[in-house]
Student: 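Input: one structure, supplied below.
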Amino acid sequence: MVRAVVVGAGGRMGRRIVQTVLETSGIALVGAVEAEDHPAIGKDVGDFLGCGKQGVVVDSDINRGVDKSDVLIDFTTPQVALRSLEIGVKRRLAVVIGTTGFSPGEMERGRALALKTRCVMAPNMSVGVNVMFKIVAEIADVLGADYDVEIVEAHHRLKKDAPSGTAIRLGETIAGTLGQDLQRVGVWGRKGLIGERTSTEIGMSVVRAGDIVGDHTVIFGGVGERLEVTHRAHSRDNFARGAVRAALWVVGQPEGFYDMQDVLGLRAKGNAR
Ligand code: NAD
């Protein structure tokens with residue numbers, strides 16, 4: 001039995017992950033961590049979620065409870081996720097990070113820590129989006145630089161980072177396939193008299209509205225036609241199921257930094273992270 005601690009257990013994603021852990025065989029919930037001012041602190045996580053007592057009290061101290069665990073699942077903020085990784089390294093625990101919005105410096109620190117433990121870090125844990133990462137690379141490879149690439153993402157009004165980690169990963173994947181660097185060719189929104197589009201740029205557009213769970217479209221625009229690939233998440237359950245699948249997978253892996261392409265067996269040979 002894999003013993004899991006969910007960090008950010010009272011958040012939109014955390015609640016779904018707790019519920020999914022409780023419903024999945026082979027994994028047990030042994031800890032639930034939240035910010036010290038969160039209303040769930042001190043309550044049984046099952047009472048807080050309305051699914052009956054589970055014998056796990058929501059705690060603000062991540063150090064309590066990790067002794068009996070095998071894996072930390074973190075959907076919080078970059079600062080908290082880095083702390084989860086530090087604890088994972090110190091306590092030799094596997095770590096699943098779904099948190100997004102890392103600055104380049106935080107990402108570098110995260111990667112260095114992740115390599116010292118067994119870690120799956122992925123901006124999107126859904127099967128559909130991970131298939132999308134794979135096919136947009138194949139499309140970009142076939143269409144080449146003649147087609148303009150634009151990425152449009154839409155999320156709920158409460159999302160804190162923009163563009164989404166998924167949109168950035170789509171851009172990085174396509175830029176990498178075309179021999180470009182997203183940091184150089186990415187255009188992060190447009191306004192005013194900006195002149196003609198360059199052929200190499202990858203445009204990023206962001207929508208924030210209502211309760212949209214997460215939509216991503218990649219447009220490959222040619223002359224006389226365009227090809228669009230769209231993924232729409234209807235609920236957070238697919239992300240939660242992916243996170244639990246990653247937790248069950250990563251505990252059996254050697255030390256290393258993995259993503260959902262590894263968990264789902266989608267990584268092309270020789271295409272290391
Ligand atoms: P949220 O704000 O609802 O949840 C975050 C939770 O973290 C909150 O409950 C907050 O109280 C808690 N938290 C803050 N400080 C903490 C601390 N010190 N210790 C423990 N918990 C703490 O946000 P959300 O919508 O659940 O998203 C969380 C993250 O997951 C975001 O970065 C989001 O982009 C990402 N996300 C990833 C995927 C994926 O598939 N990888 C899917 C959806 C969301």
Side-chain angles (χ1 to χ4, degrees), residues 5-20 31-43 45 48-49 56-66 72-88 95-103 106-107 110 114 119-133 153-170 206 208 210-216 231-247 250 258-264:
V5 171
V6 176
V7 188
R12 283 178 291 272
M13 275 306 304
R15 291 172 206 218
R16 294 309 312 146
I17 292 167
V18 166
Q19 203 82 50
T20 307
V33 184
E34 253 302 340
E36 55 190 4
D37 58 349
H38 195 278
I41 294 293
K43 295 185 179 146
V45 71
F48 179 70
L49 294 182
V56 175
V57 173
V58 183
D59 200 330
S60 61
D61 185 352
I62 191 171
N63 287 299
R64 277 197 291 263
V66 289
L72 303 177
I73 306 177
D74 182 301
F75 281 64
T76 57
T77 63
Q79 295 76 13
V80 179
L82 287 176
R83 185 196 63 181
S84 294
L85 270 166
E86 281 164 10
I87 289 169
V95 186
V96 173
I97 304 280
T99 302
T100 62
F102 292 90
S103 68
E106 287 168 336
M107 196 62 210
C119 175
V120 175
M121 192 188 281
N124 197 309
M125 305 246 169
S126 89
V127 173
V129 159
N130 282 280
V131 172
M132 187 176 179
F133 289 145
E153 63 100 326
H155 281 86
H156 53 91
R157 61 166 72 123
L158 300 173
K159 183 164 176 63
K160 298 186 183 80
D161 53 317
S164 68
T166 304
I168 294 170
R169 175 64 63 81
L170 286 165
V206 173
R208 292 287 175 264
D211 61 355
I212 300 170
V213 175
D215 293 353
H216 293 88
H231 177 273
R232 295 187 205 283
H234 300 171
S235 80
R236 294 185 171 81
D237 292 357
N238 60 339
F239 307 131
R241 275 199 295 271
V244 171
R245 188 166 169 173
V250 74
Y258 305 99
D259 71 9
M260 284 306 281
Q261 301 287 306
D262 302 297
V263 176
L264 299 172

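All ligand and atom numbering here is 1-based and tracks the order in the structure.
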Student: For the CE atom of M121 and the CZ atom of F102, what is their distance to the nearest 0.5 Å?
Tutor: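 If I round to the nearest 0.5 Å, the distance is 4.5 Å.
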Student: Evaluate salt bridge (charged side-chain N to carboxylate O under 4.0 Å, His left out) for D259 paired with R169, printing each intermediate quantity in order.
Tutor: CA-CA 12 Å; D259 71 9; R169 175 64 63 81; 3.3 Å; yes
Student: Can M132 and L170 be said to form a side-chain contact (heavy atoms from CB on, under 4.5 Å), step by step?
Tutor: CA-CA 8 Å; M132 187 176 179; L170 286 165; 4.1 Å; yes
Student: For side-chain contact (heavy atoms from CB on, under 4.5 Å), just list the numbers for V7 and I73, CA-CA rounded to whole Å, side-chain angles, deciding distance to a tenth of an Å, and then say yes or no.
Tutor: CA-CA 6 Å; V7 188; I73 306 177; over 6 Å; no
Student: Just by distance, with hydrogens left out, do H38 and E36 show a side-chain donor and acceptor under 3.5 Å apart?
Tutor: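 No, no side-chain donor-acceptor pair sits under 3.5 Å.
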Student: For a quick check: using heavy atoms under 4.0 Å, what are the residues in contact with ligand 1, sorted by chain and number?
Tutor: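 Lining ligand 1 at under 4.0 Å, by heavy atoms, one finds V7, G8, G10, G11, R12, M13, V33, E34, A35, H38, F75, T76, V80, R83, G98, T99, T100, A122, P123, N124, M125, K159, K160, D161, F239.
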Student: Does CD belonging to Q79 count more than 12 external heavy atoms closer than 6.0 Å?
Tutor: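 Yes - once you tally the heavy atoms of other residues, nucleotides and ligands closer than 6.0 Å, there are more than 12.
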